Number of protein chains: 2
Amino acid sequence: MGVLERVPARRGKGAVALAQPAIEADRLIKGDCIAEMAKLPDACIDMIFADPPYNLQLGGDLFRPEGGMVDAVDDDWDKFDTLAAYDAFTHAWMKEARRILKPNGTIWVIGSYHNIFRCGVVLQDQGFWILNDIVWRKANPMPNFRGTRFTNAHETLIWASQSEDSKYTFNYRAMKTLNDELQMRSDWVLPICGGQERLKRNGTKAHPTQKPEALLYRVLLACTKPGDVVLDPFFGTGTTGAVARRLGRKWIGIERDDTYCEVALERIAASLPLDESAIGIMQSPRQAPKVAFGTLVETGYLEPGAILTDVKRRWKAHVRADGSLACEGLNASIHKVGATLQGAPSCNGWTFWHYEADGDLKPIDALRQTYLLATQP
Amino acid sequence: MGVLERVPARRGKGAVALAQPAIEADRLIKGDCIAEMAKLPDACIDMIFADPPYNLQLGGDLFRPEGGMVDAVDDDWDKFDTLAAYDAFTHAWMKEARRILKPNGTIWVIGSYHNIFRCGVVLQDQGFWILNDIVWRKANPMPNFRGTRFTNAHETLIWASQSEDSKYTFNYRAMKTLNDELQMRSDWVLPICGGQERLKRNGTKAHPTQKPEALLYRVLLACTKPGDVVLDPFFGTGTTGAVARRLGRKWIGIERDDTYCEVALERIAASLPLDESAIGIMQSPRQAPKVAFGTLVETGYLEPGAILTDVKRRWKAHVRADGSLACEGLNASIHKVGATLQGAPSCNGWTFWHYEADGDLKPIDALRQTYLLATQP
DNA sequence: ACTGCGCCTGAATCTGACG
DNA sequence: ACGTCAGATTCAGGCGCAG
């Protein structure tokens, strides 16, 4: 690797911008996730996707809290002990996760009611800023055979940034496109992992809780850019790696279990990267090149003196040679004039103002689109 | 009152069966919920439904795209200085709630990602046993106006018993009947509270966060028996009381705010106990499941990069990773691209676009049907 | 009376680049 | 760090009014 990239300095006061070598990626690390994350440098990961265990068995997995334990208010000591151990484990891995995550990176954690509340609290307590909780609504969940509760038909994901003012990645347009031109909501209906996709080993399922690729697909498409480095500290059979590879993202997996490692590596090798042209997603206008209104005047797309109106023809404004707009004694930018006339705090002049063409009113944004098509390579 | 009932002894070892007078019910207590619960005897309540403050921590004003301002929840009762202060408050009211709840009673708590994780942890830490987490999927949530996150389209409810071996009430058959003979799942689609149901005071909403009666209806129908006593420590405008009365359950409400108390009492007085035969109208109609084109890409029914054509093979388009279609410089949804290419105002992309299978052209709608068949119960 | 269009509203942690 | 300003951004349902 050795590619240098600039990392924005947002880690506390007085931090300086650092040039950091990109981390070596597309690899599986065999070992304990806390110990292995500890070996990674600060701020090297763009996104962490974590599917932590919640059925910590007594014995090997049981994690002892390091500090003095708070007095249990309750008599249920055994349960408290187990919960405290789980919290300590969660604090430990999330602390490392937070350290290696870039300032503008985000973390996803998935779980069920057994553990997701505890994960959410530790995230908040460590200073992560929750952006959404997402409900994966399973299209085909396992029924509740005994009829004693509601069918447990969903799992919960938490999406969080490092801090309240992080500049995180969210591909809004891509999500809206993926959802037939409606905003993507916080509830996702997706089938559970089964059929061909479910990995087998000796005829039985290779992993008890393999996640569907469609779930990771949406997560990675929404919140990473091509080339971003995604780390999964509980890699299992490598769904995160397989989807990252398909979508042109880099991945790092950490997994303790030998068999899971084997299965994951085979699987990822077999998953083909998508063609570059297919990975493309709808860009936000935010990321499109900007066109000043004045440019349209300069280049003749609009004549100085042209008349613009709002869609209801309530106001009539004149375009001036410098790209400003004159209307009812006002003379300012297309946005300001629109806002002032409406008495609104702000206004998008591009969609507010219209020009007449063939008897129709069209928003001046259409002119901008025409200009962009004509001038972009 | 004065009716005696037997309370099974399940409070730790060596407890004896107690005969307790039934608590006075169907009343509103004005005051602080912690202080007022403290005055109630042990083990006198069958169910607690709690809608505590969410601790939203909103920033500045938020404007809608068309200029209007969002009427945010900025009430003093929702403000806490720190997460620790919120936790302390939660511990305090839940401790009293646990004491007054019968051994076989259950508690419901509703919240959003701002507070629900903390509520869940306190429940677990106090020894409550979580039975389900329920997702209320809002049919008509407020959109995310700035396109910065996923639309926050749900709230979460936690249902918990006093302990792992409680003999709690769950009316399995009633839920299955309510759900068209399918097991009731952990995700409930219900509209938010609006229209006639939304209580007004001087022309504006009487309470910023009034819950829909349909939500309480399902909760009470599922987890209480007729005659049970339901307590709501954050009574607000009394949705819990109104529904309890309709369903023949007894209720106790605790509320600090004078105006909320007034509104609640008026409302409950006006809510008539329900005739058995009227219950049917509460059933929400099953909705035809919608499938976004992007879902077919996510779930592998179509690969990114796949080629689609119209039935006359006049145009050739490429499927992209986000479920958009690329064709002749255009990149948009299946419907928009179809419309633009034909110069039509609109186009049903599902029937317009075809894929090739075994030398035949098939509409992509066929894939949608296949997907539905595979994922619907 | 019915239809269609426009307006209003709902628990919201809701901008970002540049100087 | 802070101020300024360009400009990007919404879905479903209920209700009233016009035709």
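Model, not experiment: these values are computed from the prediction. Chain letters run A, B, ... following the sequence lines, proteins first and then strands; every chain starts at 1.
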Output all residues satisfying salt bridge (charged side-chain N to carboxylate O under 4.0 Å, His left out) with [X], sequence neighbours left out; order by chain, then residue number.
X        : value
B:Asp87  : B:Arg118
B:Asp61  : none
B:Arg201 : B:Glu262, B:Glu266
A:Lys336 : none

5'-to-3' dot-bracket of DNA chain D (Watson-Crick, G-U; under 3.5 angstrom; crossing pairs as [ ]; | other strand): .|||||....|||||||||
Geometric cation-pi criterion A:Arg218 and A:Trp188, 6.0 Å radius, 45° cone: yes
B:His114 and B:Ser112 side chains, donor-acceptor separation under 3.5 Å: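 A donor-acceptor contact under 3.5 Å links the two side chains.
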Pairs involving residues 318-328 of chain A, ordered by first then second residue, that meet salt bridge (Lys or Arg N to Asp or Glu O under 4.0 Å) (sequence neighbours left out): none
Phosphate contact (C:dT13 OP1 or OP2) by B:Tyr86 side-chain N/O below 4.0 Å: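 Result: no.
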Distance test, side-chain N/O of A:Gln124 to OP1/OP2 of C:dT13, below 4.0 Å: no
Mutual orientation of the aromatic rings belonging to A:Phe170 and B:Phe150 [parallel < 30°, tilted 30-60°, perpendicular > 60°]: perpendicular
Where protein sits on nucleotides 5-12 of chain C, one letter per nucleotide: B base, S sugar-phosphate only, - none, heavy atoms under 4.0 Å: --S-BBBB
Atom pairs, N/O to N/O, protein against nucleotides 3-7 of chain D, distance under 3.5 Å?
from	atom 1	to	atom 2	distance (Å)
D:dG7	OP2	A:His335	NE2	2.6
D:dG7	N2	B:Arg146	NH2	3.4

Listed partners of B:Asp71 passing side chain to side chain donor-acceptor pair (under 3.5 Å), at least two apart: B:Lys205
Contacts of A:Gln342 that satisfy side chain to side chain donor-acceptor pair (under 3.5 Å) - sequence neighbours left out: none
C1'-based separation of D:dC15 from C:dA11 [nearest Å]: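 Approximately 23 Å lies between the C1' atom of C:dA11 and that of D:dC15.
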Separation of the C1' atoms in C:dA1 and D:dG19, to the nearest angstrom: 13 Å
Pairwise side-chain contact, B:Lys138 with B:His154, heavy-atom cut-off 4.5 Å (strictly under): no
Whole-Å distance between [N] [atom2] and [X] [atom1]?
X        : N      : atom1 : atom2 : answer
A:Lys167 : C:dC18 : NZ    : C1'   : 13 Å
A:Met175 : D:dT10 : CE    : C1'   : 18 Å
A:Phe170 : C:dT13 : CZ    : P     : 12 Å
B:His154 : C:dT13 : NE2   : P     : 11 Å

Polar pair under 3.5 Å, donor/acceptor by atom type, side chain A:Arg173, base D:dT9: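 No.
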Stretch residues 317-328 of chain A: residues that reach within less than 4.0 Å of DNA chain D through a heavy atom: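 Residues of residues 317-328 of chain A that come under 4.0 Å of DNA chain D do not exist, since none gets that close.
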Chi-angle category of D:dT9 [syn within 90° of 0, anti beyond]: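 Because its glycosidic torsion lies more than 90° from 0, D:dT9 adopts the anti conformation.
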Within 6.0 Å of CZ in B:Arg256, more than 12 heavy atoms from elsewhere: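 No, the 6.0 Å shell around CZ holds no more than 12 heavy atoms from other groups.
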5' precedence on DNA chain D between A:Arg185 and A:Thr351 (nearest-nucleotide basis):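 Nearer the 5' end of the strand: A:Thr351.
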Most 5' of A:Glu181 and A:Asp365 on DNA chain D, judged by nearest nucleotide: A:Asp365
Test of ring centre spacing under 6.0 Å for A:Trp159 and A:Trp108: yes
Where at least one partner belongs to residues 74-85 of chain B, residue pairs that pass side chain to side chain donor-acceptor pair (under 3.5 Å), sequence neighbours excluded: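 As it turns out, the side chain to side chain donor-acceptor pair (under 3.5 Å) pairs with a partner in residues 74-85 of chain B, which skip direct neighbours, are B:Trp77-B:Tyr260.
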